[in-house]
Amino acid sequence: MRRAIAVVLIGFGVFFLAVAPLMRTWVSSSLMKTPLTYYVEYTNVAEGATYFNIEEVELVENATLEASVTIRADVASSTDEIVVWDQFTWLRDADTDFGITSTSRRAGHDRVTGEAVDCCDAMVNEEATVQSGQAWKFPFFTEQRDYDFFETTVKEPVPMEFQAVEEIEGVEVYRFEQVVDGEVIGERTLPRSVAGLEGEGDVTGDEVFSITRTYWIDPVTGSPIKVSEHQNRVVVVDGEEVLTLLDAELVFDDASVRTALENSEQGRTMLPLIHTTIPLAALIVGVGFIGIGVVLYLTGRSRAHHN
């Protein structure tokens, strides 16, 4: 009887040992993918911002700005390995409803790593753009290290540096920071009077862009939980700043943070179980069953020999 029970226990042990790596590799890998059907809306708010109203030809200070961001997946263009996202951003004055800028972006990115893939008519503001580095999100099980992250204004990857481990509403997040400082992104021609310069006619200067972008990332899913972007755009003539086009720190509002937390909750809860907890438990149970089975088999065999 003991030997029969021992064989059964050893069989169960072998089964659990086989399940452990299967759960960690095949099952978890099949779930660790960005959904093909994805749609989300976020709102970024900036208080005390400054911008140049091109219609009224005046500098507006201490304004409240809102950036409405919509991201949606193009299911038809996506594959099992790559998901294609389109993003639309509309920046406006929340008090006057004046539209300041509108931007668009399209790119494919790896459903596991989050890295941009050169495909699918990728563009920034309707201009074909090859994108590389992290596109929108970080890899599943993000590490505490620096990542190259594509910056859409300078149109090249810029390091997103790991800063610290923090918490947002009780959820552990990794804080990353990306800095672009004083990059010339084009030219602007202005009336000399608008630039505060003497004389008549126009003057052409460099448009200089700076940004400090901060991402708070859920390390399990690699999804942003909160985003802050402090943007500064100025016109520089002969090495002197003559006009501020935009100076604003845009941050996720509370509703956007809650949405990000809700969207990542299932992955944040289930993936650690499937990737780590259940495989480890299966390994321990498997080894235990085999150990008990071997002991029962040997003691049963010894008793039979004695008899």
Side-chain angles (χ1 to χ4, degrees), residues 23-25 27-45 67 69-73 78 81-85 87 89 105 107-117 133-152 157-178 212-230 250-280:
M23 290 291 292
R24 185 172 176 85
T25 55
V27 176
S28 64
S29 296
S30 64
L31 296 176
M32 283 196 308
K33 288 187 175 182
T34 302
L36 291 174
T37 54
Y38 185 85
Y39 180 89
V40 69
E41 294 180 355
Y42 293 124
T43 300
N44 298 349
V45 178
V69 182
T70 301
I71 301 174
R72 67 186 184 195
S78 301
E81 303 299 327
I82 299 168
V83 62
V84 180
W85 283 2
Q87 176 178 326
T89 303
R105 180 189 182 188
H109 59 282
D110 189 283
R111 294 179 64 195
V112 178
T113 68
E115 294 182 6
V117 178
Q134 304 303 131
W136 279 273
K137 63 186 294 294
F138 285 65
F140 286 89
F141 293 100
T142 301
E143 300 176 13
Q144 297 180 15
R145 63 175 179 86
D146 300 346
Y147 290 85
D148 284 337
F149 198 94
F150 190 78
E151 210 295 312
T152 55
V158 177
M160 184 78 79
E161 299 180 354
F162 174 75
Q163 300 293 319
V165 178
E166 298 179 354
E167 283 192 0
I168 294 179
E169 296 189 17
V171 175
E172 182 182 276
V173 293
Y174 292 175
R175 177 164 59 85
F176 292 85
E177 187 176 276
Q178 181 188 59
T212 297
R213 178 179 284 113
T214 306
Y215 268 46
W216 287 264
I217 296 294
D218 165 33
V220 176
T221 64
S223 301
I225 300 301
K226 183 178 178 181
V227 176
S228 169
E229 296 184 345
H230 189 176
L250 292 154
V251 184
F252 268 18
D253 64 5
D254 291 342
S256 296
V257 172
R258 287 194 297 270
T259 296
L261 286 169
E262 291 169 2
N263 289 344
S264 65
E265 182 176 8
Q266 183 176 8
R268 197 169 61 244
T269 304
M270 295 299 298
L271 286 177
L273 288 174
I274 297 171
H275 188 260
T276 304
T277 306
I278 294 177
L280 181 60

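All residue numbers refer to positions in the sequence shown, counting from 1. Keep in mind that this is a model prediction, so the values were computed, not measured.
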Note to self: Tell me whether S256 contacts the main-chain N or O of T43 through its side chain, where contact means a donor paired with an acceptor under 3.5 Å.
What the structure shows: yes
Note to self: For a quick test of reading the model, state the closest non-hydrogen atom pair linking V257 to E169 and the distance between them.
What the structure shows: CG1-OE2, 4.4 Å
Next item on the list: Starting at OH of Y38, measure out to CZ of R111 and round the result to the nearest 0.5 Å.
Entry: 13.5 Å
Item checked: CD/Q266: more than 12 non-hydrogen atoms of other groups inside 6.0 Å -> no
Check: Of the non-hydrogen atoms in T221 and K137, which two are nearest, and what is the gap between them?
Finding: O-NZ, 2.9 Å
Check: Under 3.5 Å, side chain of Q134 to main-chain N/O of P157, donor-acceptor pair present?
Finding: no
Check: Shortest non-hydrogen contact from V173 to W216?
Finding: CG2-CD1, 3.9 Å
Check: Does the ring centre of F176 sit less than 6.0 Å away from the ring centre of F149?
Finding: no
Next item on the list: Look up atom NZ in K226 and atom CG in L261, then write down how far apart they are to the nearest 0.5 Å.
Entry: 11.0 Å
Check: In Å and rounded to the nearest 0.5 Å, what is the NZ to CG distance from K33 to D110?
Finding: 8.5 Å
Margin query: Quick check against the 3.5 Å criterion: does D148 have a side-chain atom that pairs as donor or acceptor with the backbone of V158?
Written below: no
Note to self: Can you classify the ring geometry of F138 versus Y215 as parallel (below 30°), tilted (30 to 60°) or perpendicular (above 60°)?
What the structure shows: tilted
Check: Under 3.5 Å, is there a donor-acceptor pair between the R213 and Q178 side chains?
Finding: yes
Note to self: I'd like to check the salt bridge (Lys or Arg N to Asp or Glu O under 4.0 Å) partners of E115; sequence neighbours left out, ordered by chain and number.
What the structure shows: none
Next item on the list: State whether the side chain of T89 and the backbone N or O of V69 hold a donor-acceptor pair below 3.5 Å, judged by distance alone.
Entry: no
Next item on the list: Kindly compute the distance separating CD1 (I71) from OH (Y42), expressed to the nearest 0.5 Å.
Entry: 6.5 Å
Notebook entry, point to check: Any idea which heavy atoms bring L36 and S78 closest together, and the distance?
Noted result: CD2-CB, 3.7 Å
Note to self: Taking Y39's backbone N and O only, do any of them form a donor-acceptor pair with R72's side chain (distance below 3.5 Å, no angle check)?
What the structure shows: no
Item checked: Crowding at CG, D254 (>12 non-hydrogen neighbours, <6.0 Å) -> no
Item checked: V220 vs F140, side chain to side chain contact (heavy atoms under 4.5 Å, CB included): CA-CA, chis, key distance, verdict -> CA-CA 5 Å; V220 176; F140 286 89; 5.7 Å; no
Margin query: Let me confirm one number: the CG-CZ distance from N263 to R258, rounded to the nearest 0.5 Å.
Written below: 13.0 Å
Check: Of all residues at least two apart in sequence or in a different chain, which pass the salt bridge (Lys or Arg N to Asp or Glu O under 4.0 Å) check with E177?
Finding: none
Item checked: Side chain proximity check, F150 to R105, heavy atoms < 4.5 angstrom -> yes
Checklist line | Listed partners of E143 passing salt bridge (Lys or Arg N to Asp or Glu O under 4.0 Å), at least two apart | finding: R145
Notebook entry, point to check: Of all heavy-atom pairs between T142 and Y174, which one has the smallest distance, and what is that distance?
Noted result: O-CE1, 3.3 Å
Note to self: Is the shortest side-chain heavy-atom distance between W136 and P224 below 4.5 Å?
What the structure shows: no
Note to self: With rounding to the nearest 0.5 angstrom, report the CD1 to OH distance, I217 to Y147.
What the structure shows: 9.5 Å
